[in-house]
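Here the structure comes first, spelled out in structure tokens, and everything after it is commentary.
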2 protein chains.
Amino acid sequence: MAADEAATPVKRPRVTAEREREVLAATLQALSDTGYEALSMEDVAARAHCSKATLYRLWHNKAGLVSAAIRSSGPVRPAEVDTGSLRGDLITVAERLAQHATEDSRLYAALSHAILTDDELASAVQTALFRPDTEHVMRFIDRAVERGELTHRPAAADFLPQTMRSLAMSRPALDGTLLDSDYLARFIDDWVMPALLHT
Amino acid sequence: MAADEAATPVKRPRVTAEREREVLAATLQALSDTGYEALSMEDVAARAHCSKATLYRLWHNKAGLVSAAIRSSGPVRPAEVDTGSLRGDLITVAERLAQHATEDSRLYAALSHAILTDDELASAVQTALFRPDTEHVMRFIDRAVERGELTHRPAAADFLPQTMRSLAMSRPALDGTLLDSDYLARFIDDWVMPALLHT
DNA sequence: ACTCGATGAAACACTTGCGTTTCATCGAGT
DNA sequence: ACTCGATGAAACGCAAGTGTTTCATCGAGT
């Protein structure tokens with residue numbers, strides 16, 4: 001029995017850690033469905049199958065819970081992409097964006113007003129959701145330069161991550177359609193690649 | 001005294017129409033500040049200096065009031081832009097976007113989650129806010145083609161309005177800074193113009 | 001000056017949510 | 001088997017919002 005417990009140096013925390021992730025996942029779900037302002041602790045408790053008391057024991061209030069939930073969604077790192085060509089890399093990441101467009105855009109929409117006034121929330125969204133993505137895309141550019149596919153880091157590269165991200169986030173709202181990968185592929189071929197190649 | 005009343009063929013409605021616009025303007029203000037879900041009728045009534053009873057007499061509920069407010073913001077047409085060059089037109093409209101970036105992005109953020117589920121709201125936002133803007137920008141392209149500045153309507157043009165709009169909407173949220181005109185100029189020169197000129 | 005419909009202020013009943021507290025129960029370590 | 005800290009269920013007081021209703025007042029048309 002020593003072997004059983006050797007895997008868990010700390011007594012109970014590990015069980016709590018699993019549970020915590022479940023609760024935070026339920027929080028993100030509720031957030032997407034309800035929006036930040038209308039999110040209720042009772043709803044989260046029901047989805048997470050835990051009591052409201054437990055929520056308040058672990059986090060102080062709604063803001064804390066939501067911030068924690070957002071930060072917890074960060075470490076889910078996407079597999080590294082390296083197709084050998086800049087266009088291939090971009091298309092791949094675009095398809096990935098399109099796959100998650102529904103959930104992602106709902107989550108972002110749920111938070112977009114709240115982050116304008118809540119600084120902690122804003123930094124959570126920024127570091128957990130946007131920064132990794134931005135760095136990810138920027139690596140494509142650097143690799144393309146190393147390969148000689150681009151002669152230098154184009155000025156347009158500064159706008160690439162934000163544009164892709166904000167297009168993915170706001171297109172559903174703008175015209176009621178979801179992002180499909182065809183649309184993004186056209187964007188890459190008709191806009192992104194020409195801009196990168198000619199600056 | 002016949003002259004005084006000659007200006008008002010209808011008895012009271014005209015007075016109500018002015019008042020209505022004030023109330024709807026107050027609604028938009030409250031919406032930007034509070035967000036759609038947390039918007040309260042009491043808040044609107046206080047800002048508009050009218051009673052809650054009046055709000056419910058003129059509109060049936062919150063959804064109706066907000067939709068009306070959004071539609072009322074449509075007719076405020078921006079002055080037509082025509083600087084003689086595509087770049088000039090784009091810079092001008094970009095600066096105009098930047099000027100209103102704070103209020104506009106707050107308003108959009110306030111609505112972005114609600115429009116995912118409320119169809120009437122979605123169509124109000126689309127027709128009143130986005131469609132006029134899109135047509136406006138598209139006219140730049142057409143004129144540039146007529147002038148011979150572009151040999152044809154570039155494929156990238158399809159993405160231009162959405163790209164500009166979504167940047168204006170989401171950049172404040174993404175990195176906490178507002179749009180300034182230097183940034184926008186770089187955006188046009190390094191990102192938009194190359195894409196338009198090389199497709 | 002008078003009338004009458006529209007308005008504002010305020011209270012209404014009702015619902016919902018927050019954050020706290022109480023208490024019975026459960027389950028891991030001894 | 002026993003103990004003790006953590007949990008879930010449920011109720012709490014409090015605050016806020018919805019949509020309605022009442023009533024006093026105001027102001028435009030006669």
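No experiment lies behind these values; they were computed from the predicted model shown.
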Looking at the side chain of [X], which of [options] is the nearest nucleotide?
| X | options | value |
| --- | --- | --- |
| A:Lys52 | D:dA11, D:dG8, D:dT20 | D:dA11 |
| A:Thr54 | D:dT18, D:dG8, C:dT20 | D:dG8 |
| B:Ala53 | D:dT21, D:dG8, C:dT20 | D:dT21 |
| B:Ser51 | C:dG8, C:dT20, D:dG19 | C:dG8 |

Nearest-Å distance, [atom1] ([X]) to [atom2] ([N])?
| X | N | atom1 | atom2 | answer |
| --- | --- | --- | --- | --- |
| A:Trp59 | C:dT20 | CH2 | P | 15 Å |
| B:Met41 | C:dA9 | CE | P | 16 Å |
| B:Leu58 | D:dG19 | CG | P | 15 Å |
| B:Lys62 | D:dA16 | NZ | C1' | 12 Å |
| A:Glu42 | C:dT20 | CD | P | 14 Å |
| A:Asp43 | C:dG17 | CG | P | 8 Å |
| A:Tyr56 | D:dG8 | OH | P | 15 Å |
| A:Leu55 | C:dG17 | CG | P | 14 Å |

Working to the nearest 0.5 Å, report the span between [atom1] of [X] and [atom2] of [Y].
| X | Y | atom1 | atom2 | answer |
| --- | --- | --- | --- | --- |
| B:Ile188 | B:Arg87 | CD1 | CZ | 8.0 Å |
| B:Thr27 | B:Glu20 | OG1 | CD | 10.0 Å |
| B:Glu22 | B:Ser72 | CD | OG | 12.0 Å |

Next item on the list: Check whether any side-chain N or O of B:Arg19 sits under 4.0 Å from OP1 or OP2 of C:dG8, and answer yes or no.
Entry: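 True: B:Arg19 side-chain N/O within range (under 4.0 Å) of C:dG8 OP1/OP2.
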Item checked: Identified pairing partner of D:dG27, criterion: Watson-Crick or G-U wobble below 3.5 Å ->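 Answer to the pairing question: C:dC4, which forms a Watson-Crick or G-U pair with D:dG27.
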Check: Does C:dC14 have a Watson-Crick or wobble mate here (both distances under 3.5 Å), and if so which one?
Finding: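 Partner of C:dC14: D:dG17.
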Item checked: B:Ala48 or A:His60, whichever maps to the more 5' nucleotide of DNA chain C ->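 Going by which nucleotide is closer to the 5' end, it is B:Ala48.
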Notebook entry, point to check: Any Lys/Arg nitrogen of B:Arg47 or B:Asp43 sitting under 4.0 Å from an Asp/Glu carboxylate oxygen of the other?
Noted result: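 The answer is yes: the pair qualifies as a salt bridge.
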Next item on the list: Look at A:Asp142 together with A:Arg147 and state whether they make a salt bridge at an N to O cut-off of under 4.0 Å.
Entry: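 No, A:Asp142 and A:Arg147 are not salt-bridged.
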Note to self: Counting neighbours of NE2 on A:His152 that are heavy atoms of other residues, nucleotides or ligands and sit closer than 6.0 Å, is the number greater than 12?
What the structure shows: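 More than 12 heavy atoms, drawn from other residues, nucleotides or ligands, come within 6.0 Å of this atom.
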Margin query: Any base atoms under 4.0 Å from A:Leu39, or only sugar-phosphate, or nothing? Heavy atoms, all strands.
Written below: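 It contacts sugar-phosphate atoms only.
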Margin query: Under a 3.5 Å threshold, yes or no: a donor from one side chain and an acceptor from the other, between A:Thr83 and A:Asp89?
Written below: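 There is such a pair (donor and acceptor under 3.5 Å, judged by atom type) between the side chains of A:Thr83 and A:Asp89.
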Notebook entry, point to check: Listed in order of residue number, which residues of residues 24-38 of chain A have a non-hydrogen atom at under 4.0 Å from DNA chain C?
Noted result: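 Contacting residues: none.
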